[in-house]
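Index from 1, following the sequence.
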Amino acid sequence: MENAVACRSKLFQTNNEYEKINTLMKTLYIIGNGFDIHHKLDTRYQSFANYLAENNSEVYDLLLHYYGLPDITNPELTDEEYALWSRFEQALADLDYVEVLENHSDLIARPGAEDFRDRDWHSYQIEMELIIEDLTTTLINDFNSFILEVEYENIPNDTLIELENDSHFLNFNYTETLQKSYGIPEERITYIHNKANADNCNLILGHGTDPANFEEKEEEPPQGLSEEEFYEWREQKADEYDYSYESAKQEILSYYTKAFKNTVSIIENNIAFFANLIEVEKVIVLGHSISEVDLKYFEVLKAKLNENVFWNVSYYSELEKQEHKQTLLQLGINDNNIAQIKITDLKRQL
């Protein structure tokens with residue numbers, strides 16, 4: 001319980017509590033992983049892949065075999081393959097559950113076998129439970145451990161940037177860069193996906209695909225059957241039903257819900273923050289990809305912010321610059337209220 005409290009996001013449960021700092025918030029910073037990377041912190045998903053390969057090969061192998069992610073340790077890895085790891089969260093929706101089932105089909109209960117025991121009915125399902133635990137709880141715990149290895153003392157002074165005083169920070173990262181390198185007080189930071197500062201922290205990491213997309217529809221009988229034919233069809237389906245297989249399949253399908261980043265729920269848990277943005281005059285997005293998995297947050301921000309708010313949005317490459325502009329316009333932000341910058345444009349004068 002103590003660990004869960006220690007790494008919980010800073011939630012403003014009441015408007016009164018939030019208004020204590022709201023008077024300071026003329027500028028809202030939105031912080032993404034590119035912010036940490038700019039500060040030379042090793043927080044890329046590719047680095048996490050290397051960490052997994054070295055520290056938990058079992059989970060790493062599951063990601064390679066069932067998600068189509070490439071082996072990051074392969075010396076012949078192409079640039080395109082390397083880039084696939086940058087969409088790690090989106091890839092969490094790519095689990096090939098059919099292959100998982102097939103590779104463990106030897107666990108299907110065989111009641112006719114001489115050595116069959118009643119517990120064998122559940123062996124297949126239990127194996128799916130263990131795999132899901134590795135791909136959710138264990139994976140997130142490993143990611144938390146990876147983030148805890150960040151070495152803030154190695155941040156070069158020439159990477160530090162100017163940050164405005166009358167500001168609040170919506171932080172999508174799990175690190176303490178703002179506190180360690182800029183002395184930002186904790187109460188001015190909202191960790192929307194929680195913060196890694198205790199072992200086995202409950203970080204929020206997952207895919208953004210609606211789990212309903214993975215639900216299996218119940219098979220419908222063919223049209224035009226007579227009453228007798230319909231009865232025979234139902235009898236056939238009953239004969240084909242395999243409890244051991246079906247329970248295992250339903251178990252592995254539950255993965256997509258357990259690995260889902262439920263942004264609606266997260267926003268509700270931080271509703272006092274999102275409901276008190278009226279005083280914001282400027283938004284500065286630093287190092288955020290504004291990707292589909294986090295797009296819901298930006299939709300809510302656009303709805304809650306004053307329509308005259310000015311958006312300064314950083315980009316890394318020309319392609320990202322174009323993609324950001326397109327996304328911002330699709331969100332309904334006025335083109336005249338958008339400025340695209342490089343993080344290095346904000347570099348501190350030493």
Exam field: side chain [X] to backbone [Y], donor-acceptor pair closer than 3.5 Å:
X	Y	result
Tyr256	Leu95	yes
Ser181	Leu178	no
Glu81	Thr78	yes
Asp36	Leu41	no
Asn173	Asn33	yes
Tyr124	Leu101	yes
Asp96	Glu99	yes
Lys342	Tyr316	yes
Tyr297	Ile267	no
Glu89	Gly206	yes

Aromatic contact, Phe35 with Tyr29 (centres under 6.0 Å): no

The residue among Asn337, Ile338, Asn334, Val285 that forms side-chain contact (heavy atoms from CB on, under 4.5 Å) with Leu328 is Ile338

Among Ile341, Ile290, Ile333, find the residue that satisfies the side-chain contact (heavy atoms from CB on, under 4.5 Å) test when tested with Val313. Ile290

Should His193 and Phe172 be marked as a ring pair (Phe, Tyr, Trp, His ring centres under 6.0 Å) after you check the CA-CA gap, both sets of side-chain angles, and the distance that decides it? CA-CA 6 Å; His193 294 150; Phe172 285 80; 5.5 Å; yes

Show every salt bridge (charged side-chain N to carboxylate O under 4.0 Å, His left out) that has at least one partner inside residues 297-306, sequence neighbours left out. Lys296-Glu299

Would you indicate whether the side-chain heavy atoms of Gln340 and Trp311 approach each other to under 4.5 Å? no

For the residue pair Tyr174 and Phe143, categorise the inter-ring angle as parallel (less than 30°), tilted (30 to 60°) or perpendicular (more than 60°). perpendicular

Answer yes when Glu251 and Lys258 have at least one side-chain N-carboxylate O distance shorter than 4.0 Å, and no when they do not. yes

More than 12 heavy atoms of other residues, nucleotides or ligands under 6.0 Å from CD of Glu162: is that the case? yes

Taking atom CZ of Arg87 as the centre, does the number of heavy atoms from other residues, nucleotides or ligands within less than 6.0 Å exceed 12? yes

Could you give me the CA-CA distance, side-chain angles and deciding distance for Ser167 and Arg188, then say whether side-chain hydrogen bond (donor to acceptor under 3.5 Å, both in side chains) is met? CA-CA 8 Å; Ser167 57; Arg188 286 173 56 195; 2.9 Å; yes

Could you state the interatomic distance from [atom1] ([X]) to [atom2] ([Y]), rounded to the nearest 0.5 Å?
X	Y	atom1	atom2	value
Met128	Ser123	CE	OG	11.0 Å
Asn144	Leu148	CG	CG	4.5 Å
Phe298	Thr327	CZ	OG1	9.5 Å

